[in-house]
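Position 1 is the first residue of the sequence, and the numbers go up from there.
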Amino acid sequence: MDLLALSDFTLVARHGGFGRAARAAGRPKATLSRRVAELEAALALRLVERGGRTLKLTEEGRALYERAGQLLLELEHTAAAIASGSKQPRGRLRISAPLLFSQTAMGKIAAGFALRYPEVRLEITTEDRAVDMIEEGFDLVIRVNPDPDDSLVGRIFLRDRLVAVASARVACPDQGRAAPAVVRSSGDRQPWTVKTATARSTISIEPVLAVSSLIMARDAVRAGVGAARLPLSLVSHDIAAGALVSWGDIDAPEITLWALYPSRRLLSTRVSAFLDYLKQSFPSGTADELASFVGRS
């Protein structure tokens, strides 16, 4: 197989078209088209569908890109590192992170990492959806309680838990009464099972406010609108200061934050460095440690 032609194919696939790849690489569009056609002829496979306004990979083309694209990229970075005689991380590092973690902690983490590794071009996208790492070109994703995926490997770097909290002005209701609640969905009326050191109880709720953000829910609870189920790390300082009162831990699975990357991808020095930086930022990985890192917002 012609590795140069394979490299041109992955360039075209990564940029989503011959024209965009040509502009990005500063090379003639006709040359890239010819090299991809030569690769198709050598493999006796059609790799791209031609004729449309946007490039569409065939099933075989997608499989080749997923397997070969990152390997070629890593070879380029490895060759550059060897040529420079340095193992210092360099190049682009694309990360996808969930909204709440990005709002509370990712800015500080990214700034510290950028200062430590100035030759890494860090790009962070904030979204809660499950991204396709290969298709969308991410090197690392941070996710909360991700579903099992054989194509991904990674590690837990933080643990958290949900607590029921309210302003001191909102009393925990007696049995049979409902608590005014700030919820994530207007249709959420399921009772809360709450655990304390001495007892377990069920709290009925009456939604009075529905919001789409946990930060918004925290702010509404601070204002005395009602109670809410929130991550301990988000309200730990408020509880310690007496601004909020904990009614107990929510009986729910533990919240785990994972740093994930494709299992078939060579672990680059950039990803390794970021994983190490996360570990240094959260050596114990507890909710209290995250709360201390974030500080009162």
Side-chain angles (χ1 to χ4, degrees), residues 98-105 128 142-148 154-259 278 281-297:
L99 179 62
L100 180 62
F101 185 70
S102 296
Q103 290 175 327
T104 57
D128 288 327
I142 295 173
R143 285 294 172 263
V144 178
N145 294 356
D147 293 330
R155 66 186 68 167
I156 297 173
F157 68 94
L158 274 174
R159 300 176 187 273
D160 209 342
R161 65 183 188 274
L162 290 176
V163 292
V165 293
S167 164
R169 301 190 298 274
V170 179
C172 187
D174 298 328
Q175 188 71 23
R177 300 184 62 188
V182 180
V183 296
R184 296 289 300 279
S185 167
S186 58
D188 183 6
R189 293 178 176 268
Q190 293 298 315
W192 301 344
T193 301
V194 176
K195 303 180 295 181
T196 64
T198 58
R200 180 191 299 261
S201 61
T202 300
I203 300 176
S204 299
I205 64 168
E206 178 61 36
V208 294
L209 178 62
V211 296
S212 61
S213 160
L214 290 174
I215 296 288
M216 292 169 63
R218 190 272 314 275
D219 291 345
V221 170
R222 283 177 175 173
V225 173
R229 297 180 297 177
L230 292 169
L232 177 61
S233 62
L234 192 61
V235 294
S236 176
H237 288 287
D238 291 303
I239 295 172
L244 296 179
V245 176
S246 172
W247 292 355
D249 291 354
I250 296 294
D251 188 9
E254 181 181 46
I255 300 171
T256 56
L257 271 76
W258 288 72
L278 285 178
S281 300
F282 308 106
S284 301
T286 64
D288 289 337
E289 195 171 59
L290 175 58
S292 178
F293 181 87
V294 171
R296 186 180 177 87
S297 57

Worksheet item: Between Asn145 (side chain) and Glu254 (backbone), is there a donor-acceptor pair under 3.5 Å?
Response: yes

Discussion item. Suppose the criterion is side chain to side chain donor-acceptor pair (under 3.5 Å): which pairs have a residue in residues 200-213, not counting sequence neighbours?
Written reply: Arg189-Glu206, Arg200-Asp251

Discussion item. Please list all pairs meeting side chain to side chain donor-acceptor pair (under 3.5 Å) that have one or both residues in residues 283-294, counting only residues at least two apart or in different chains.
Written reply: none

Worksheet item: Heavy atoms, side chains only, cut-off 4.5 Å: are Pro191 and Ile205 in contact?
Response: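 In short, these two side chains do not touch, never coming nearer than 4.5 Å.
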
Closest heavy-atom pair and its distance - [X], [Y]:
X      : Y      : value
Arg218 : Val235 : CG-CG1, 3.8 Å
Cys172 : Ile203 : SG-CD1, 4.0 Å
Phe293 : Ala105 : CE2-O, 3.8 Å
Leu234 : Asp238 : O-OD2, 4.1 Å
Ala166 : Val221 : CA-CG1, 3.7 Å

Response to the item:
dist Leu244:CG -> Arg169:CZ (nearest 0.5 Å) comes out at 9.5 Å

Discussion item. Let me confirm one number: the CD1-CG distance from Ile215 to Leu230, rounded to the nearest 0.5 Å.
Written reply: 9.0 Å

Worksheet item: Among all residues two or more places apart in sequence or in another chain, which pass the salt bridge (charged side-chain N to carboxylate O under 4.0 Å, His left out) test with Arg161?
Response: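 Partners of Arg161 by the salt bridge (charged side-chain N to carboxylate O under 4.0 Å, His left out) criterion, ordered by chain and then number, come out as Asp249.
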
